[in-house]
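Quick notes on the structure that follows.
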Amino acid sequence: MIGVFDSGLGGLTVLRALVERFPSASFTYLGDHANVPYGNRSSVEIVELTRAATVALFERGARLVVLGCNTATAVAARQLQQAWLPGTEWKARGHNVLGIVAPTVEAATQTPWSVTTPQYPQKNLTDIIAVFGTLRTVNAGVYPEEIRKRTPKVTVVQQICSELAGAIENEVSDAELDRLVSEGIAGVLAQTNGTAPHRAILGCTHFPIVEHLFRRHLPPATRLLSQPEIVADSLEDYLQRHPHYVSGNDGTLELLTTADDAAVISKRARVFWQDAPAFQRVIQTSDSSS
Ligand code: DGL
């Protein structure tokens with residue numbers, strides 16, 4: 001079984017693409033609604049919450065966990081993969097954690113993750129890439145850092161959309177969502193002096209839920225990169241090389257939440273994914289106040 005984790009409902013955008021791509025694989029999704037949003041939390045908290053969620057998914061039988069959350073990936077993935085997991089019994093049993101920044105950077109730069117020095121033709125690419133993310137994702141700086149390693153002449157413009165993920169979770173009005181998205185895009189265009197970015201990364205898995213609003217306000221020339229599809233492409237490649245993570249799977253799908261009232265979360269989720277099964281409550285994986 002593959003575990004997919006997000007702070008809340010945003011990771012459903014990734015999960016849905018994965019379920020469609022791998023119908024016979026089994027997935028367990030965990031939304032940490034008790035602690036959402038993560039985007040404005042401290043790095044220490046995000047690492048701890050992400051680690052706790054990963055352990056919760058491992059304990060439920062996931063051998064592979066996909067962090068379907070840019071904030072968790074940007075802040076915690078490296079730490080989990082390099083400092084925490086290697087010292088655990090999980091690693092010895094072949095478990096692994098994957099983030100979603102790497103496949104997104106690969107798609108944005110058309111360069112494999114393993115290639116960290118610029119190559120032709122990417123070497124001379126002078127495009128503008130916009131990245132929309134939470135405060136913590138933007139401050140972590142991983143998108144510009146990793147994009148520039150591969151395409152040094154590309155201009156990366158980052159825009160913090162600190163209220164958008166929370167607004168999506170809390171089902172604020174369409175007018176308010178529209179305002180927050182248009183504000184974010186105005187922030188990007190102010191940085192580019194009005195030049196349309198060539199590509200835009202919605203660097204928060206909540207944001208595809210309002211992709212139509214990004215499309216409405218971005219200049220028509222800007223190409224939106226679809227992170228759920230990018231992650232599905234990348235996982236397909238990974239599972240071809242590591243098929244044991246899905247061997248014996250029977251296509252089951254389970255949605256878990258740390259919220260007190262799973263029924264409320266299920267209702268909200270259906271707004272974004274009509275056919276999603278009901279969420280079940282799990283005991284909170286970690287106390288954010290600790
Ligand atoms: N959906 C998440 C992301 O991709 C987190 C949003 C949040 O909890 O602030 O960044």
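First listed ligand is number 1; within each ligand, the first listed atom is number 1. Computed from a predicted structure; not experimentally measured.
- Of the candidates Arg268, Lys267, Arg270, Arg268 is the only one forming a salt bridge (charged side-chain N to carboxylate O under 4.0 Å, His left out) with Glu171.
- Neither Leu49 nor Val36 shares a network with the other; the hydrophobic side chains, linked directly or stepwise wherever heavy atoms of I, L, V, M, F, W or Y lie under 4.5 Å apart, form separate groups for each.
- Looking at Trp84, Tyr245, Trp90 one by one, the single match for ring-ring contact (aromatic ring centres under 6.0 Å, His included) with His95 turns out to be Trp90.
- Contact between Cys69 and ligand 1 is present, with at least one heavy atom of the residue lying under 4.0 Å from the ligand.
- If you number the atoms of ligand 1 from 1 as listed, the ones under 4.0 Å from a heavy atom of Ser7 come out as 5 (C), 6 (C), 7 (C), 8 (O).
- Atoms of ligand 1 lying under 4.0 Å from any heavy atom of Thr134, numbered from 1 in the order shown and given with element: 6 (C), 9 (O), 10 (O).
- Side-chain N or O atoms of Thr151 include one that pairs as donor or acceptor with a backbone N or O of Ile147 at under 3.5 Å.
- With hydrogens left out, the protein atom closest to atom 1 (N) of ligand 1 is His206 ND1, 2.6 Å, a heavy atom.
- At least one donor-acceptor pair under 3.5 Å links the side chain of Tyr29 to the backbone N or O of Gly11.
- Aromatic ring pairs are classed by plane angle as parallel below 30°, tilted from 30° to 60° and perpendicular above 60°; the pair Phe27 and Phe22 is tilted.
- The side chain of Asp6, and not its backbone, has at least one atom closer than 4.0 Å to an atom of ligand 1 (non-hydrogen atoms only; side chain from C-beta on).
- Protein heavy atom closest to atom 10 (O) of ligand 1, with residue, atom name and distance, is Thr71 OG1, 2.6 Å.
- The shortest N/O to N/O separation between Thr137 and ligand 1 does not fall below 3.5 Å.
- Numbered from 1 in the order shown, with element, the atoms of ligand 1 that lie under 4.0 Å from a heavy atom of Gly39 read 7 (C), 8 (O), 9 (O).
- No donor-acceptor pair closer than 3.5 Å links the side chain of Gln227 to the backbone N or O of Val14.
- Listed by number with element, the atoms of ligand 1 under 4.0 angstrom from any heavy atom of Pro37 are 7 (C), 8 (O), 9 (O).
- Nearest non-hydrogen protein atom to atom 7 (C) of ligand 1 is Tyr38 N, 3.3 Å.
- Within the 4.5 Å cutoff, side-chain heavy atoms of Leu9 are placed close to those of Glu169.
- When each atom of ligand 1 is checked for a heavy atom of Ala165 under 4.0 Å away, the hits are 6 (C), 7 (C), 9 (O).
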